[in-house]
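Everything quoted here is computed from the prediction, not taken from an experiment. Values below: all heavy atoms of this structure, side chains included; hydrogens, waters and symmetry mates excluded.
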Amino acid sequence: RTCVGHRMWGALKGAVDGGLHIPHSTKNFPGFKAPEEKGQEGEYDAEAHKDRIFGNHVKEYMEMLQEEDPTKYEAHFSKFIAEGIDADKMEDMYTEAHEKIRSDPTGEPAEKKEITYERDEDTVKASDGT
């Protein structure tokens with residue numbers, strides 16, 4: 001069973017925003033608040049959902065780690081740091097990604113790696129060292 005905010009709901013939101021007609025409700029999206037009493041309507045906060053899509057929760061975590069534990073921050077976000085992306089540039093990164101997807105939604109197939117596997121009893125070794 002899936003829970004509120006699961007990745008699957010993000011994929012559903014993307015498909016619906018992309019123009020596909022998929023019957024759904026918003027109660028499993030981030031930003032949905034269940035009703036206090038039985039029989040009442042729940043509330044859906046689209047702005048909270050947008051914040052989640054644009055990585056605001058990651059931005060907050062980055063800022064918290066940067067202040068409280070810089071070593072852990074550097075370990076967790078080393079690839080972001082290498083790309084020059086800090087907490088303030090998170091939303092710009094996602095906005096740019098969405099623009100690229102909209103401009104050319106076809107994508108490019110990933111390059112296939114020529115990896116072979118050898119089995120030795122219970123151990124499997126890959127030619128790329130993994």
Side-chain angles (χ1 to χ4, degrees):
R1 187 170 176 176
T2 59
C3 61
V4 174
H6 191 272
R7 290 180 191 177
M8 182 192 74
W9 303 117
L12 173 69
K13 175 76 168 133
V16 170
D17 288 352
L20 294 177
H21 174 68
I22 303 170
H24 68 284
S25 73
T26 57
K27 70 180 183 180
N28 286 319
F29 288 157
F32 181 81
K33 187 184 281 185
E36 301 268 333
E37 297 177 21
K38 197 171 185 175
Q40 290 182 333
E41 290 286 318
E43 294 179 30
Y44 173 62
D45 182 6
E47 196 61 34
H49 195 172
K50 179 184 175 212
D51 284 346
R52 196 82 178 174
I53 290 169
F54 284 96
N56 198 32
H57 61 295
V58 178
K59 174 185 174 179
E60 291 171 2
Y61 182 63
M62 283 177 89
E63 291 170 342
M64 185 270 302
L65 265 186
Q66 200 169 16
E67 290 176 15
E68 294 180 10
D69 192 352
T71 308
K72 191 173 182 180
Y73 166 78
E74 290 173 7
H76 279 224
F77 296 103
S78 60
K79 291 189 178 183
F80 285 94
I81 294 167
E83 293 292 323
I85 298 169
D86 61 358
D88 296 329
K89 295 180 183 173
M90 286 294 290
E91 188 169 339
D92 296 337
M93 178 186 72
Y94 285 112
T95 302
E96 185 179 320
H98 291 149
E99 287 171 3
K100 286 181 181 178
I101 292 169
R102 284 188 200 102
S103 68
D104 183 18
T106 57
E108 297 177 10
E111 185 178 309
K112 291 195 175 198
K113 298 179 181 177
E114 297 297 326
I115 301 173
T116 58
Y117 298 94
E118 291 183 27
R119 180 177 293 272
D120 181 29
E121 300 278 328
D122 294 332
T123 308
V124 177
K125 293 183 181 178
S127 61
D128 68 344
T130 57

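The shortest non-hydrogen separation linking T26 to F32 is O-CB, 3.5 Å. When every heavy atom of A48 is checked against every heavy atom of G31, the shortest pair comes out as CB-CA, 3.8 Å. What you find for E114 and S127 is that their closest heavy atoms are O-OG, 3.9 Å.
From R52, atom CZ reaches atom CZ of F29 across 13.5 Å, with rounding to the nearest 0.5 Å. To the nearest 0.5 Å, the span separating CG on D51 from CD on E60 amounts to 8.0 Å. Taking CG of D128 as the start and OG1 of T116 as the end, the distance is 9.0 Å to the nearest 0.5 Å.
No more than 12 heavy atoms of other residues, nucleotides or ligands sit less than 6.0 Å from atom CD of E118.
Within the structure, side-chain hydrogen bond (donor to acceptor under 3.5 Å, both in side chains) contacts touching residues 72-93 (residues at least two apart or in different chains) do not occur.
Residues that satisfy the ring pair (Phe, Tyr, Trp, His ring centres under 6.0 Å) test with F80, not counting sequence neighbours, are F77.
Residues M62 and Y94 share a single hydrophobic cluster, defined by chaining ILVMFWY side chains whose heavy atoms lie under 4.5 Å apart. The cluster map of Ile, Leu, Val, Met, Phe, Trp and Tyr, joined by side-chain heavy atoms under 4.5 Å apart, puts I53 and V58 in the same cluster. Note: the hydrophobic cluster containing I81 also contains M93 (ILVMFWY, side chain heavy atoms under 4.5 Å, direct or indirect links). Grouping the Ile, Leu, Val, Met, Phe, Trp and Tyr side chains by contacts below 4.5 angstrom, directly or via other members, places L20 with M8.
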Evaluate H49 against Y44 for side chain to side chain contact (heavy atoms under 4.5 Å, CB included), listing each step before the verdict.
CA-CA 9 Å; H49 195 172; Y44 173 62; 2.6 Å; yes
TODO: Take M90 and I85 through the side chain to side chain contact (heavy atoms under 4.5 Å, CB included) test and state the conclusion after the steps.
DONE: CA-CA 7 Å; M90 286 294 290; I85 298 169; 4.2 Å; yes
